[in-house]
Each structure stands twice: as structure tokens, then as C-alpha cells.
Amino acid sequence: DAKTTQPPSMDCAEGRAANLPCNHSTISGNEYVYWYRQIHSQGPQYIIHGLKNNETNEMASLIITEDRKSSTLILPHATLRDTAVYYCIVLSYNTDKLIFGTGTRLQVFP
Amino acid sequence: DTAVSQTPKYLVTQMGNDKSIKCEQNLGHDTMYWYKQDSKKFLKIMFSYNNKELIINETVPNRFSPKSPDKAHLNLHINSLELGDSAVYFCASSLGTGHGYTFGSGTRLTVV
């Protein structure tokens with residue numbers, strides 16, 4: 001599976017959009033980009049995933065560049081409850097083995 | 001509530017003991033997993049089962065033995081517990097490849 005690179009930490013003001021970047025320059029054609037988050041002491045929570053088109057759901061939007069070498073997770077209006085570690089994971093559709101990296105620790109402040 | 005539930009939530013035990021952690025999901029998922037999160041917060045997959053059949057075994061010591069009596073349950077039994085086994089263990093389930101995982105809330109195991 002392709003490796004991902006994320007900044008170790010980011011800050012965001014409450015109510016503002018949080019844009020979390022992820023580089024996955026070695027991604028191959030059959031690999032999806034998944035985003036999970038882990039709020040302190042809880043189990044990881046699925047957020048969103050995509051292949052090449054931009055995706056949006058009730059939690060977030062996922063923007064994938066045309067060359068698929070990077071993506072951005074957008075939380076449109078961050079709240080204090082969005083403070084968590086966010087993981088960007090590249091997963092082949094036929095391997096079904098989520099491998100977590102170190103993620104980005106997002107701190108939302110009042 | 002539809003969920004992945006693990007018991008117990010906390011487990012404190014002495015070195016050398018044998019303990020089990022139970023996991024149940026009522027989501028109708030076919031695949032279940034065990035992950036370990038160590039003190040450095042690094043999440044690592046240990047096992048996965050699909051319809052009671054072992055699919056992934058990530059070179060975990062033989063002291064760890066998963067058991068899946070049916071596709072809604074995946075239990076983790078650990079023999080001869082060691083200090084290094086102290087961690088948070090997460091169970092998860094999914095519909096299979098290409099689908100998101102649903103994680104349980106974790107079992108914090110402390111070996112003293």
C-alpha cells in the first residue's frame with residue numbers, strides 16, 4: 001500500500017474551515033484515499049473516502065488532486081469536538097487492511 | 001443501538017495470567033478485526049476474520065489467539081500476559097474490502 005505523509009499537528013479556530021493535507025505521491029490506480037479520526041481515548045471513526053472525484057458527506061469534504069498525489073480533508077465549520085488525530089490512509093480495494101500512520105493532531109480552539 | 005461493543009472496557013491483570021477480550025457487532029458485517037494501540041498511540045492491525053475464517057495474521061505472538069464463533073463475534077484470548085502487552089485493543093468490523101470500518105470503544109489492558 002502507498003505511504004502517506006501528513007503534518008504532525010495543526011490548529012484551527014472554532015467556526016472556521018479546517019483543511020488537512022495529505023501527500024500520497026506513490027498512490028496507484030486501484031487505491032482509494034480514506035480518512036479516519038480518533039478523538040481522545042475513543043475508537044477511530046470513519047469520515048470519508050474517495051478514488052479520484054471529490055466527495056462530500058455530512059461530516060466533511062474530500063478534495064483529491066487531478067494527479068491523485070495529494071488530497072485535502074475539509075471540515076467546513078470546525079467545532080471544539082473536532083479536536084482529534086486525523087489519519088489519511090491509502091487502501092487498495094482488494095486488500096482490506098487499514099494501515100494507520102501517525103496522522104495529524106488537529107486542535108480546534110475557541 | 002447498532003454498534004461494535006467490546007468487553008471489558010478496562011482490564012488490569014498480573015504478568016503470566018491468561019485473559020480474554022470479547023467483541024460483538026450487530027451491524028451485519030462480514031469482516032472483523034483486532035487492532036492494538038500502544039503507548040505511543042500507534043495503531044497496528046493484528047488479525048482479521050471474514051465469516052469466521054482467519055484472513056490476516058500480522059506476525060502476532062502465538063500467545064494471542066483470536067476466536068470467531070460466528071461472524072458477529074471475534075474474541076481475543078491472550079496467554080501468559082507480559083508487561084509489553086499493555087495497550088488499548090480495538091475491535092472493528094466492516095462489510096469487507098472497499099468499505100469503511102466501524103470501531104469499538106476499546107479495551108485498555110494493563111499488565112502489572
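In this text the structure is predicted, and so the values were computed from the model without any measurement.
With a 6.0 Å radius and a threshold of 12 heavy atoms from other residues, nucleotides or ligands, B:Asn62 has its CG atom at or below the threshold. Within 6.0 Å of NZ in B:Lys52 there are 12 or fewer heavy atoms belonging to other residues, nucleotides or ligands. Applying the 6.0 Å contact sphere to CZ of A:Arg16 captures no more than 12 heavy atoms from other residues, nucleotides or ligands.
Among the residues in residues 100-110 of chain A, those with a non-hydrogen atom closer than 4.5 angstrom to a non-hydrogen atom of chain B are A:Phe100, A:Gly101. Among the residues in residues 69-79 of chain A, none has a non-hydrogen atom closer than 4.5 angstrom to a non-hydrogen atom of chain B.
Only the side chain of B:Glu58 comes within less than 4.5 Å of a heavy atom of chain A; its backbone N, CA, C and O stay farther away. Proximity to chain A (any heavy atom under 4.5 Å) is restricted, for B:Phe42, to the side chain, taken from C-beta onward. Heavy atoms closer than 4.5 Å to chain A are found in the backbone of B:Ser105, but not in its side chain. For B:Ile56, the part lying under 4.5 angstrom from a heavy atom of chain A is the side chain only.
Cluster annotation: B:Leu83 and B:Phe64 are assigned to the same hydrophobic cluster (Ile/Leu/Val/Met/Phe/Trp/Tyr, side-chain heavy-atom contacts under 4.5 Å, transitive). Under the 4.5 Å side-chain heavy-atom criterion for grouping Ile, Leu, Val, Met, Phe, Trp and Tyr, B:Ile45 is not connected to B:Ile78 through any hydrophobic cluster. A continuous path of ILVMFWY side-chain contacts below 4.5 Å connects A:Leu62 to A:Val90, so both sit in one hydrophobic cluster. Hydrophobic clustering (ILVMFWY, side-chain heavy atoms < 4.5 Å, transitive): A:Leu51 and A:Ile89 are in one cluster. A:Ile99 and B:Trp34 end up in different hydrophobic clusters when Ile, Leu, Val, Met, Phe, Trp and Tyr side chains are linked at under 4.5 Å.
For the atom pair OH (B:Tyr101) and CG (A:Leu91), the distance works out to 6.5 Å, reported to the nearest 0.5 Å.
Side-chain contact between A:Gln38 and B:Gln37: present, with at least one pair of heavy atoms (C-beta onward) separated by less than 4.5 Å.
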Could you give me the CA-CA distance, side-chain angles and deciding distance for A:Leu98 and B:Tyr35, then say whether side chain to side chain contact (heavy atoms under 4.5 Å, CB included) is met?
CA-CA 10 Å; A:Leu98 275 180; B:Tyr35 277 77; 3.2 Å; yes
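Note: A:Tyr36 leads A:Tyr46, A:Tyr36, A:Tyr87 in heavy-atom pairs under 4.5 Å with chain B.
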